2 protein chains.
Amino acid sequence: MIVRKGVTAKDVAKLAGVSQSTVSRVFFEGAMVSERTKKKVLAAAEELGYGPNEFARSLITNRTKIIGLVMKGVKNPFYPHVLKEFATAFKRLGYSILFVHTNNDEIQKDDIMTLLNYKVAGVIITDATLSLKVTEDFKANKIPLVFFNRKAGMKDFFSVCTNNYEASRHIAEFLIQKGCEDMVYISGNHDTSTSREREMGFVEVLKKHHVHYKKYTSDYTFAGGYTTGQQMVTENKVPSGIFVANDIMALGVLGALRENGISIPETTKVIGFDNIDMSAWPTNSLTTWEQPIVEMVEQTVRYMMAEIKEYSGVSGNIEVQGRLVERKTT
Amino acid sequence: MIVRKGVTAKDVAKLAGVSQSTVSRVFFEGAMVSERTKKKVLAAAEELGYGPNEFARSLITNRTKIIGLVMKGVKNPFYPHVLKEFATAFKRLGYSILFVHTNNDEIQKDDIMTLLNYKVAGVIITDATLSLKVTEDFKANKIPLVFFNRKAGMKDFFSVCTNNYEASRHIAEFLIQKGCEDMVYISGNHDTSTSREREMGFVEVLKKHHVHYKKYTSDYTFAGGYTTGQQMVTENKVPSGIFVANDIMALGVLGALRENGISIPETTKVIGFDNIDMSAWPTNSLTTWEQPIVEMVEQTVRYMMAEIKEYSGVSGNIEVQGRLVERKTT
DNA sequence: CTGAAAGCGCTTACAG
DNA sequence: CTGAAAGCGCTTACAG
């Protein structure tokens with residue numbers, strides 16, 4: 001079949017011997033057409049290479065089958081993986097992904113305008129934030145919005161996350177059980193809910209058990225983790241247990257520690273968060289907390305589709321559990 | 001400014017005291033409007049939160065400011081990086097990215113229909129292939145098509161690549177100069193032009209210098225490289241020089257070799273291709289051939305914009321050079 | 001430089 | 001279940 005330019009419903013109608021409205025109905029889900037005319041129309045469409053013009057369609061329905069996906073950190077493999085899962089899940093439902101990359105933590109106005117002007121069916125924001133003003137725009141246009149792996153600063157939104165607090169408590173218990181007597185938490189960017197929650201859960205348990213700890217502030221990148229690792233060595237402050245706020249940073253820490261001849265897990269135990277593919281590589285074999293991406297994506301998609309069907313604008317926060325993946329660094 | 005639903009050019013026209021056509025002209029690049037009315041209209045638009053409806057627009061112009069980007073291997077960090085650069089470059093030009101992920105080597109029909117129905121301004125295909133029939137669809141619709149980092153099987157297309165052949169010749173010369181007397185080439189998926197060209201350039205030089213070599217076939221993944229590395233060790237056939245068709249696979253090879261106590265670069269020298277960020281990590285420090293992503297993206301964008309402006313459908317192949325990045329594995 | 005009007009390709013009441 | 005007709009929000013000749 002060759003899709004030709006300018007083949008319209010009218011052309012198909014003529015060939016099939018029906019009205020243009022009927023052709024439209026055949027391609028519009030939920031409209032009433034008899035099985036017989038449907039077949040006739042479909043055959044004609046196939047012959048002419050017809051596909052409905054999405055723009056004409058959207059002009060009327062005032063909505064597209066496009067989901068805007070806003071992403072910042074493509075350097076952390078976690079996010080490309082998320083992107084892939086979203087693309088797959090939404091494709092199955094007939095939706096496409098408009099990919100918006102933002103360099104800044106806060107999404108810029110022109111990106112928002114793009115999303116709004118293309119009348120996207122919904123917006124997913126992974127590792128960026130939105131100003132309150134902008135979120136009003138989405139609400140005013142009844143465009144559902146989900147924060148993925150990040151809680152919105154304000155109460156009024158919907159987010160899907162791993163239960164970072166609980167996970168980090170588990171991690172603390174696990175490390176204590178493994179015999180760690182002094183610990184370090186290496187944070188990601190401090191303005192992220194993920195980093196703060198992970199710290200909170202971890203620290204609470206340490207305090208309860210009267211375990212000494214120290215916090216290093218880093219930035220969710222490999223380089224950041226590496227630098228922090230070096231710093232600990234230089235300061236002669238390598239503890240027996242380290243919880244790093246994400247895997248990519250943990251790999252940096254691991255690199256620095258190993259380079260300095262610190263034996264892992266004997267001298268120091270390291271645990272990350274995410275369970276990115278790289279963590280499973282035999283050369284890394286990083287113990288970590290798995291974020292169940294597929295489950296998180298499913299939850300997001302489910303909410304999104306419900307909101308697309310009937311907009312409610314409900315806020316809330318879905319938390320999935322994830323699980324500890326024990327490997328050779330502990 | 002809050003963008004409100006249903007604010008149309010008509011509303012702006014009324015507020016500004018002009019005709020709807022004039023409002024349209026203000027927002028349509030290249031149309032004639034006096035500076036004075038333009039200001040008036042812009043002020044009214046700002047007040048009402050008006051943005052032109054992209055669909056109504058596209059319905060007439062029969063084109064969008066959307067570029068379709070088809071990508072398969074998001075697990076190789078090279079491609080997320082490419083995605084980011086494209087998103088950035090096109091955003092600057094006012095274009096958005098429709099991200100199409102394909103699981104299969106060959107793009108599926110429904111993905112093509114999506115691209116076609118959304119009347120994308122152009123399509124970029126990174127690591128996937130297209131059937132000849134489908135490319136006809138694009139041609140018939142005068143939609144420019146670029147293969148990025150892959151040459152089309154057929155002659156009739158436009159592609160942007162690193163000069164893999166020349167690069168691989170350099171790599172062979174370099175390894176020979178470093179004293180390697182027997183070599184291995186580890187290929188990526190064999191149906192990719194990149195892997196074949198890299199092999200060809202490499203092998204030609206080795207033959208000229210009468211250097212013994214062996215080829216292993218792998219798949220462009222870390223796991224594939226790791227397995228191949230293990231295999232070489234098991235077969236007791238670790239050579240003094242290894243050229244791996246891409247970095248992520250080279251890291252796998254490196255992992256396997258190091259795990260087996262093979263000292264690098266003393267016993268064996270390893271060189272990759274791409275120069276992904278990870279290769280520069282101190283723990284890896286992989287010597288590699290850099291693909292100049294930014295330059296490749298620029299070339300692609302330039303061709304794309306020219307074709308969008310005036311479609312010619314010319315075929316061709318732009319090859320950029322790249323450069324050797326020497327690190328600790330050689 | 002600006003306005004009135006036609007029309008892009010659909011969806012969707014409204015009749016029948 | 002199907003057709004004729006209105007209309008979504010724009011762009012673009014055509015006049016003036």
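This is a predicted model, so every value here is computed, not measured. In what follows, every chain begins at residue 1, and chains take the letters A, B, ... in the order their sequences are listed.
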query: Between which residue ranges does DNA chain D form stems of three or more consecutive Watson-Crick or G-U wobble pairs, both distances under 3.5 Å?
result: C:1-3 with D:14-16, C:5-12 with D:5-12, C:14-16 with D:1-3
message: If I take atom CD in residue B:E29 and atom P in nucleotide D:dT11, what distance separates them, rounded to the nearest angstrom?
response: 12 Å
message: With a 4.0 Å cutoff (strictly under), does any side-chain N or O of B:T8 reach OP1 or OP2 of D:dG9?
response: no
query: Given atom CD of A:E35 and atom C1' of D:dC1, what is their separation to the nearest angstrom?
result: 13 Å
message: Between P on D:dT2 and NZ on A:K39, what's the gap in Å once rounded to a whole number?
response: 13 Å
- request: Have a look at B:S58 and say if it touches a base, only the backbone sugar-phosphate, or nothing, with a 4.0 Å heavy-atom cut-off.
  value: nothing
- request: Can you spot which of B:F148, B:F86, B:F90 makes a side-chain contact (heavy atoms from CB on, under 4.5 Å) with B:L69?
  value: B:F86
message: Could you tell me how far apart A:L59 (CG) and D:dC8 (C1') are, to the nearest whole angstrom?
response: 4 Å
- prompt: When we call it a touch if two heavy atoms are under 4.0 Å apart, what does B:V18 touch: a base, just sugar-phosphate, or nothing?
  reply: sugar-phosphate
task: Output yes when at least one side-chain N/O atom of A:T22 is less than 4.0 Å from OP1 or OP2 of D:dG3, else no.
output: yes
message: From C-beta outward on A:A56, which listed nucleotide comes closest to its side chain: C:dG9, D:dC1, D:dC10?
response: C:dG9
message: Can you classify the ring geometry of A:F55 versus B:F55 as parallel (below 30°), tilted (30 to 60°) or perpendicular (above 60°)?
response: parallel
message: If you count every heavy atom of other residues, nucleotides or ligands that lies below 6.0 Å from B:K139 atom NZ, does the total exceed 12?
response: yes
field: Atom-pair distance (NZ on B:K14; P on C:dG3), nearest Å
entry: 15 Å
- request: Report the distance from atom OG of A:S24 to atom CD1 of A:I60, rounding to the nearest 0.5 Å.
  value: 7.5 Å
- request: May I have the distance from B:N117 (atom CG) to C:dG9 (atom C1'), rounded to whole angstrom?
  value: 12 Å
- prompt: Can you pull the side chain to side chain donor-acceptor pair (under 3.5 Å) pairs that have at least one residue in residues 74-95 of chain A, sequence neighbours excluded?
  reply: A:K75-B:D277, A:Y79-A:N149, A:Y79-A:R150, A:H81-A:E85, A:K91-B:D111
task: Determine the interplanar angle of the B:Y303 and B:F158 rings, folded into 0 to 90°, and report it as parallel if under 30°, tilted if 30 to 60°, perpendicular if over 60°.
output: parallel
- request: Figure out the CG/P separation between A:D11 and C:dG9, and round it to whole Å.
  value: 9 Å
Atom pair NZ/OG of A:K40 and A:S34 - distance to nearest 0.5 Å: 7.5 Å
query: Nearest 0.5 Å, what's the NE2-CZ distance between A:H101 and B:F99?
result: 13.0 Å
field: Between D:dG9 (C1') and B:N53 (CG): distance, integer Å
entry: 6 Å
field: Salt bridge present between A:E54 and A:R57 (N-O < 4.0 angstrom)
entry: yes
- line: Quick note, A:T37 side chain, CB onward, closest among C:dT2, C:dC10, D:dT2 is D:dT2
Could you list the protein-to-nucleotides 12-16 of chain D atom pairs, N/O on both sides, closer than 3.5 Å?
residue, atom, partner, partner atom, Å
D:dA13, N6, B:R25, NH2, 3.0

